[in-house]
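From a predicted model like this one, the values you see are computed outputs, not experimental measurements.
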Amino acid sequence: MTVDSAASSTAKNGPPVAKISIFALAVMNIVAVVSLRGLPAEAEYGLSSIFYYIFAAVFFLVPVSLVAAELATGWPEKGGVFRWVGEAFGARWAFLAMFMLFVEVSVWFPTALTFGAVSLAYTDDNLSFAETLSSNKMFVLLIVLAVYWLATFIAFRGANAFARVAKWGGIIGTIIPAAILIVLGFSYIMAGNKSQVDLAWGDVIPDFNNFSNVVLAASIFLFYAGMEMNAIHVKDVKNPTRNYPIAVGIAALGTVVIFVLGTLAIAFVVPKSDINLTQSLLTAYVDMFRWAGISWAAPIMAAALAVGVLAGVVTWVAGPSSGLLQVAKAGYLPRFFQSTNKHGMATHIMLIQAIAVTLLSVLFVVLPSVQAAYQILSQLTVILYLVMYLLMFSAAIYLRFSQPNRPRPYRIPGGRAGMWIVAGAGFSGALIAFIFSFIPPEQISVGSPAIYVLILLVLTVFFVVIPFLIYRVRKPHWVDPENDFAPFTWQAENTHPGIVSTSATDTSTAVATQAKGADS
């Protein structure tokens, strides 16, 4: 997200209200979704990765994008996924969805920042030293913590600060490196060099008899996660009814292109036996630059990728924490979590998140190898995020029945059948990926498979139970009397989320009508 200061409008008796352009939101979504660090895991599949990416796009990325566009423009009030799920199933399930989003991103930070640490290691010209340094657990831990806390302090500065870092950091550290990776990778092949993978068209269709391939490839669904995150800022978008769906569409197309072509570029250059989840991308750049005669560019690219990691982390520090702050002020978390600074940022929430990330990062020292910790945390991230997506897709379908006449500036085409097809495909894809996420991949050493599965099961149950316990003990005084979190539509209409509402008014109108009736 970037702020176009020239287009800012001034709220009555208040500070300027930032407005976001189509290009800014599209870049923000690409930065939030695209992470080049995950490409080596899929490069192992060669041309068959094309099938997996397109399959996941059809059954996950497109449904997420379309469903988020309808929900965000139909229910643009603050809250994001919390509001969408709450409108359908009530506040208890809404709190679970928001809590999953916040926790999964906290778990995700160490894995993303590990890639940043590896990138910084490769800024050294001595490749042997870089490989050794990137495998040093203490080095990884120190870099992870340093970059994360830096991102947190940037987010403290408010929307203007983190928006600029997100935009330019995303361009410098994600979009430009992706373009260079793709251009060099395909130039390498077009120059007549031998590809490290077979290039027969028959290899596009994967071998489904090898179940382990399906298990590891299931994680590709979460490569596309995050397209819904910036829906929480839909009211800050210029002309959101028109621009939000357009920006999401541009970002979705750009994401698929980057993933498919970037993965193939790595597969062309890096031998399958040498693929490493944390190092192969940097190795590919080194090999390509050496082939192109510009070896001096490798450290520069490594630094750029580290900047991209910082941009992505800043984006994710600010987004979910802002959403959780809104939920807290509505009375779902104690007053301690509602503290903000002069920039309106959730200081206590972000500090607690930073402490949690710090503790999680220590796993990289405790577990036998960086790669084992990386895989376990990555899979936990996938599982928790998919819980949220299952709730989101279910809510989108249910709201077509419970609030059929609700004004929806953007509506998934095809009526109820169209919603069933689109959201149903997304729900099915998310459910399959959720189940497969508990199966240890054979291609990656994770220690004891039984312990691997047990760790994931225990942590999943632990994090799912927590929000239900918090919801059960919530207190009336937790509600901030000055909060601007609008009631759910069914609350404004004094009904229940399980009761079908034939009202054709939006939430603000329903709230105004309720207030007028109370005054009378």
Side-chain angles (χ1 to χ4, degrees), residues 64 67-106 225-226 228-235 319-334 337-338 346 349 383-403 406 408 423 426-427 430 460 463-476 478-480 483-501 506-508 510-511:
V64 167
V67 166
E70 173 166 327
L71 293 176
T73 54
W75 288 267
E77 296 79 19
K78 291 183 176 181
V81 69
F82 178 84
R83 177 163 300 280
W84 308 337
V85 175
E87 288 282 356
F89 306 122
R92 179 184 288 104
W93 292 99
F95 189 57
L96 171 63
M98 176 56 73
F99 193 81
M100 289 297 96
L101 179 60
F102 181 76
V103 172
E104 72 81 19
V105 76
S106 299
E228 82 295 334
M229 188 190 72
N230 290 310
I232 199 170
H233 302 296
V234 67
K235 297 187 76 172
S321 62
S322 297
L324 192 63
L325 174 65
Q326 295 164 5
V327 171
K329 287 180 174 292
Y332 298 95
L333 284 176
F337 296 93
Q338 302 174 24
I349 288 177
I383 292 167
L384 298 181
Y385 212 163
L386 285 170
V387 171
M388 187 278 290
Y389 277 119
L390 290 170
L391 289 169
M392 188 184 84
F393 287 126
S394 300
I397 295 173
Y398 189 77
L399 285 170
R400 281 291 186 97
F401 292 88
S402 64
Q403 297 186 33
R406 170 81 182 206
R408 292 168 169 84
F427 183 91
T460 300
F463 286 121
V464 167
V465 168
I466 286 178
F468 287 120
L469 294 178
I470 295 175
Y471 183 84
R472 186 172 183 176
V473 301
R474 71 193 189 285
K475 307 296 181 183
W478 288 3
V479 178
D480 181 355
N483 85 87
D484 58 353
F485 191 88
F488 294 115
T489 304
W490 50 266
Q491 288 178 323
E493 296 176 349
N494 295 315
T495 60
H496 187 275
I499 299 176
V500 175
S501 172
D506 56 25
T507 301
S508 59
V511 172

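- Without hydrogens or angle criteria, Q403 side chain to S501 main chain gives no donor-acceptor distance under 3.5 Å.
- Taking all atoms of both residues into account, the shortest heavy-atom contact from P497 to S402 is O-CB, 4.2 Å.
- Closest approach of P334 and W478 over heavy atoms only: CG-CZ2, 3.5 Å.
- Taking both residues in full, the closest heavy atoms of R408 and W75 are given as NH2-CH2, 3.2 Å, listed atom of the first, atom of the second, then distance.
- Below 30°, between 30° and 60°, or above 60°: for F95 and F82 the angle between ring planes is above 60°, a perpendicular geometry.
- Formation of a donor-acceptor pair under 3.5 Å by the Q326 side chain with backbone atoms of F485 is not found in this model.
- Put simply, CD on E104 and CZ on F102 are 10.5 Å apart, with the number rounded to the nearest 0.5 Å.
- When all heavy atoms are compared, the tightest approach of V81 to A97 is CG2-CB, 4.2 Å.
- The main-chain N or O of G86 is found under 3.5 Å from a side-chain atom of W490 such that the two form a donor-acceptor pair.
- Between Y385 and L101, the shortest heavy-atom distance links the atoms CE2-CD1, 3.8 Å.
- A side-chain donor-acceptor contact under 3.5 Å links R406 to the backbone of G74.
- When all heavy atoms of P487 and A492 are compared, the closest pair comes out as CB-N, 4.5 Å.
- A ring-centre distance under 6.0 Å is not found for F99 and Y471.
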Original post:
How far apart are the C-alpha atoms of L324 and M98, what are their side-chain angles, what is the distance that settles it, and do they pass the side-chain contact (heavy atoms from CB on, under 4.5 Å) test?
Top reply: CA-CA 7 Å; L324 192 63; M98 176 56 73; 3.8 Å; yes
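- Heavy-atom neighbours of W93 CH2 from other residues, nucleotides or ligands within 6.0 Å: at or below the threshold of 12.
- Without hydrogens or angle criteria, R83 side chain to K78 main chain gives a donor-acceptor distance under 3.5 Å.
- Looking only at distances, a side-chain donor or acceptor of E87 sits under 3.5 Å from a matching main-chain atom of T489.
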